[in-house]
Amino acid sequence: MKKKRSYVCDVCGYESPAWFGRCPSCHEWNTAISFVSEGDKDENTSVADIEVRPLSQIDTTESSRVDTKIEELNRSLGGGVVPGSAVLISGEPGIGKSTLMLQLSALIAGERPVLYISAEESARQLRLRAERLKIQRKEQIEVVSATEIDFLGSLAIEKYGMIVVDSLQTIKMSSVPSLPGSVVQVRECANMLVSLAKSSDIPVLIVSHITKGGQIAGPKLVEHLVDTVLYFESSKTGFRFLRTIKNRFGPSDEIAVFEMTSEGLKEVPDISSLFVEDYISAPGNVVSAIYEGSRAMLIEVQALVSKPVYGTPRRLASGIPLERLLLVTAVLTKRAGIPLDSLDLYMNVAGGLQIEDTGVDLAIAAALISSYTDTSIPEGVAFFGEIGLDGTVRSVSSMEKRIERAKKSSFMRIVAPEGRNGIKDVKQLLKFIGGMKSGKE
């Protein structure tokens, strides 16, 4: 193989065959570093082993997934860890990424040894963490405290059931002339780890940092290379939400809930009771049935409508996108005649959960109307439905599962686009809540 020299920007990853003083992509100065890669293929290289087959003759038998013994994690991964897959776990510092990896290693080590590559912590620090978490099967977890991962090419890794790399931003390859954490190092190390997983059929779990903006650090190429991307989110109540951003072997919108304790992360199987257990019937408080991944759950939506303190009305939203609040507010102002455009609006989802489901629109509207009219929604009433710009309330996915989940928690009155209490538009919703205040509903 011939060597090919190129120059790569150490900030954004821009690649050029010639040296450059200022990067044409990110416009940073003096960021070009020399990078040597394999060039043209050797003439003696044979391609006779390449086989072309019809799609109908390809074997579709799936290999059995590795049970993590953690039901919430299994759900996020689509049923367990797929052999030969590369999983990227990211999140804020101190949120529990390394803790989860160490707990998972102990559970997987019951069948086959686990290789734990720790580039952030020393072997002694990892042992102290294992003692605090009361980790079992320590003899089956083999630890390597090193920043260079070139040793993986000469290591007999076929005996391991899983490989954990903690973390991607602190490891490097000696053949890449760049510091750990740079765009080039992150890209090349991720490419090596993914290739290792595919060739050995051993799952590789990679811990990754995030940037100040909350994005996964490194080039976007890393997220494209791996099979699954899991993202840790925290809440004000101390719970940890593990959200599936990408998954080639299952649904990509799953969410798992963990609680951080003195002995590590513990899964919370029923999160609906977690978010509505402190529900109090008061103006602005509404319960909604949403659908995340493969399950329905109940959440409490809180709204506060007040006169503006300053000249310009304020809009603050926590737990739901601000754009969603503005959209529902505009519809209520235009279609229902409620002057919310001149008032301060505050919206919150109890428990700190981030909601992307459009089925929460009806609950947002009900909470705003409830706070504006100073009307308390009685206990046992749940709302869900999507609101269009024309003011109509539209159907959402998995309506039967939402209704079934609400009834399990004694919410027997479901306000939705269809059914006995069906709501057709926001005007009817305003009349429905007004009837509650007058005692007619």
Item to check | Heavy-atom donor-acceptor pair, T244 side chain to S76 backbone, under 3.5 Å | outcome: yes
Checklist entry - Just by modelled atom types, is the G388 backbone N or O under 3.5 Å from a matching donor or acceptor in the R394 side chain? => result no
Checklist entry - Got a salt bridge between D227 and K198, using NZ or NE/NH1/NH2 to carboxylate O under 4.0 Å? => result yes
Checklist entry - Short question: side chain of N74, backbone of D67 - any donor-acceptor pair under 3.5 Å? => result no
Next on the checklist: Has D357 got a side-chain atom pairing as donor or acceptor with V360's backbone, closer than 3.5 angstrom?
Outcome noted: no
Item to check | Check: V396 main-chain N/O paired with R402 side-chain donor or acceptor under 3.5 Å | outcome: no
Next on the checklist: Closer than 4.0 angstrom, basic N to acidic O: yes or no for R243 and E254?
Outcome noted: no
Checklist entry - Between R295 and E72, is the closest basic N to carboxylate O distance under 4.0 Å? => result yes
Checklist entry - Which residue pairs satisfy the salt bridge (Lys or Arg N to Asp or Glu O under 4.0 Å) criterion with at least one member in residues 360-370, sequence neighbours excluded? => result R324-D361
Checklist entry - Salt-bridged, E71 to R75, with N to O below 4.0 Å? => result no
Item to check | Flag, side chain of T261 to backbone of G264, donor-acceptor distance under 3.5 Å | outcome: yes
Checklist entry - Please walk me through it: do Y14 and F20 pass ring pair (Phe, Tyr, Trp, His ring centres under 6.0 Å)? => result CA-CA 11 Å; Y14 172 79; F20 51 86; 5.6 Å; yes
